[in-house]
Amino acid sequence: MTVTYLNKLFIDGEWRDGNDGRTFPVFNPADGSTVAEFAVASEADCTEAVEAADRAFAAWAATSPRERSDILRRTFDILSNEKEKFAEIMVRENGKSWPDAIAEANYATEFFRWFSEEAVRIPGDFRLSPGGDKRIVVTRQPMGVSLLITPWNFPAAMATRKLAPALAAGCTTVLKPARETPLTAAYIVDALSRAGVPRGVVNLVTPVPTGPAVAKMMQHPAVRKMSFTGSTEVGRVLLHEAADTVVSTSMELGGNAPFLVLPGANIDEAVAGAMVAKMRNGGSACTAANRFYVHSSVHDEFVAKLAAELGRVQWGSGLNRANTLGSLVSLEERDKVAALVTTAVDEGATVILGGKATTAGAFYPPTMVTGVQHGDTINQTEIFGPVTAVVKVDSIDEMVDMANDTIYGLIGYVFGEEALALRVAMRIDAGMVGVNRGVLSDPAAPFGGTKQSGLGREGSSEGILEYLEEKYIGLAP
Ligand code: NAD
């Protein structure tokens with residue numbers, strides 16, 4: 001397939017170069033080749049994008065919900081019809097496998113359908129005050145210009161999970177994708193433009209370096225909302241910046257998901273669940289199972305069966321559609337994963353599968369280490385790669401304590417007899433828990449974390465509320 005790439009900024013309805021003419025390379029991590037040169041947005045370009053969004057805001061906020069809904073629905077149709085092209089861009093700039101790219105294309109596209117349906121159902125309230133002296137009318141209004149900052153690991157879905165509800169709510173937007181994956185973001189912005197989004201309503205900027213340009217946008221008085229998906233470290237920086245201008249924030253941050261296999265669990269089901277929870281997106285997912293706490297009564301069977309499944313995974317370039325594990329996003333990420341495995345061994349763990357990085361491309365093979373202790377580095381770090389680290393535990397109470405002993409609270413997984421697994425799930429401090437399920441993400445469900453995994457929720461009927469402010473109007477009774 002021949003794919004042409006949009007490699008420019010999108011500001012006030014125009015595709016254009018940055019005003020200082022600089023570009024940065026976008027690499028294919030599977031072979032190191034340059035996929036495209038992308039325009040760098042200067043700080044002045046970023047300010048122009050914010051101001052274009054500001055100028056467009058009043059008219060966009062005043063469109064009917066149905067009009068906004070129709071544009072989102074048309075975007076859904078466009079991306080659905082172009083799924084293969086959409087997926088191929090992700091494979092080339094991110095390195096993910098073809099099945100992961102197609103799955104993401106589907107998931108990402110669904111947010112436009114879901115929020116086209118939510119745009120026309122924004123709730124309000126009308127009631128008499130308890131004292132009978134006034135009518136209380138509560139309406140919801142869009143917050144205003146929304147700055148949307150996304151990571152490289154799900155370059156499409158993390159953008160659509162923000163763009164769709166923001167636009168449905170009547171907000172205008174400036175999207176800042178990760179430097180590694182701007183081409184997917186540009187493709188989505190183009191689909192919105194083709195679907196009829198008015199000029200200025202969606203803008204795309206790619207500043208290099210990122211920090212100062214984003215800080216400047218955050219200082220702009222027109223920016224009233226910032227939604228971020230990325231690491232907890234960068235999230236903390238942005239929360240500090242948001243404080244200066246009291247910008248509303250939604251934060252989808254890092255995770256360190258526990259995966260509990262209880263005594264009496266159906267081990268075949270637990271292994272199937274682990275394959276998805278660990279290996280979806282090659283382990284480069286905030287939802288990826290990171291810490292496997294396996295009860296000693298089922299430990300050996302689980303380890304043997306999971307290792308056998310992992311050993312059958314076919315890995316290599318995402319352009320070969322039969323491969324189910326692609327590359328990591330960069331050589332740096334590959335080396336980070338490799339170093340974690342080396343440290344795990346130094347700390348006493350045993351590699352029973354994989355464990356050797358390739359020399360060419362950012363690949364790392366499916367790997368399993370056992371004999372890990374709860375406090376080991378590999379267990380306390382977001383691995384973000386295809387490495388399964390297993391801790392053997394003797395009691396359910398200990399499993400729960402270990403699962404909750406972290407600053408993160410995004411997601412957890414519990415496998416076991418359903419009533420018991422449900423009781424254990426209730427004790428896991430996380431925004432999401434899968435009971436006998438290895439994947440939870442769904443546009444119709446609230447996605448988000450507790451503790452330092454984030455603030456707010458995306459998707460579901462709650463996702464749109466993140467971009468709306470309540471307004472109370474008091475009337476005579
Ligand atoms: P990252 O935090 O390094 O970068 C995320 C985005 O922030 C990128 O666009 C980056 O350019 C930008 N950025 C970096 N420094 C910045 C700064 N000083 N000011 C403003 N923006 C800045 O994260 P990443 O490496 O791209 O993605 C991986 C991380 O994202 C993992 O921790 C993962 O768990 C997390 N993540 C979370 C979710 C979720 O929904 N909770 C989903 C996907 C990924």
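For this chain, numbers begin at 1 and follow the sequence in order. Both counts, for ligands and for their atoms, begin at 1 and track the order of listing.
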Exercise. Nearest non-hydrogen atom to atom 10 (C) of ligand 1 belongs to which of Glu382, Arg161, Lys176, Met158?
Worked result: Lys176

Exercise. Can a cation-pi geometry be assigned to Lys85 and Tyr187, taking NZ or CZ under 6.0 Å from the six-membered ring centre and within 45° of the ring axis?
Worked result: no

Seminar exercise, completed: Of Gly449, Cys286, Gly454, Gly255, the residue with the heavy atom nearest atom 36 (N) of ligand 1 is Cys286

Exercise. Atoms of ligand 1 less than 4.0 Å from Val214 heavy atoms?
Worked result: 20 (C)

Seminar exercise, completed: Quick note on ligand 1: atoms under 4.0 Å from a heavy atom of Gly211 include exactly 17 (C), 18 (N), 19 (N)

Problem set entry | Check: Thr229 N/O within less than 3.5 Å of ligand 1 N/O | no

Exercise. So Phe259 and Phe292, would you call those rings parallel, tilted or perpendicular, with 30° and 60° as cut-offs?
Worked result: tilted

For this session: Compare Leu410, Val329, Leu253 and give the one whose heavy atom is closest to atom 37 (C) of ligand 1.
Result: Leu253

Exercise. What part of Phe154, side chain, backbone, both or neither, has a heavy atom within less than 4.0 angstrom of ligand 1?
Worked result: neither

Problem set entry | Carboxylate-amine/guanidinium contact Arg16 Glu48, below 4.0 Å | yes

Exercise. Between Arg194 and Glu82, is the closest basic N to carboxylate O distance under 4.0 Å?
Worked result: yes

Problem set entry | Ligand-residue contact atoms, ligand 1 with Gly254, heavy atoms, under 4.0 Å | 32 (O), 34 (O)

Exercise. For Asn153 and ligand 1, does the shortest N/O to N/O distance drop below 3.5 Å?
Worked result: no

Problem set entry | From CA spacing to verdict: salt bridge (Lys or Arg N to Asp or Glu O under 4.0 Å), Glu333, Lys336 | CA-CA 5 Å; Glu333 281 294 311; Lys336 236 162 69 183; 2.9 Å; yes

Problem set entry | Atoms in ligand 1 flagged as close to Pro177, the criterion being non-hydrogen separation under 4.0 Å | 9 (O)

For this session: Would you verify that at least one protein heavy atom lies under 4.0 Å from atom 4 (O) of ligand 1, or report that none does?
Result: no

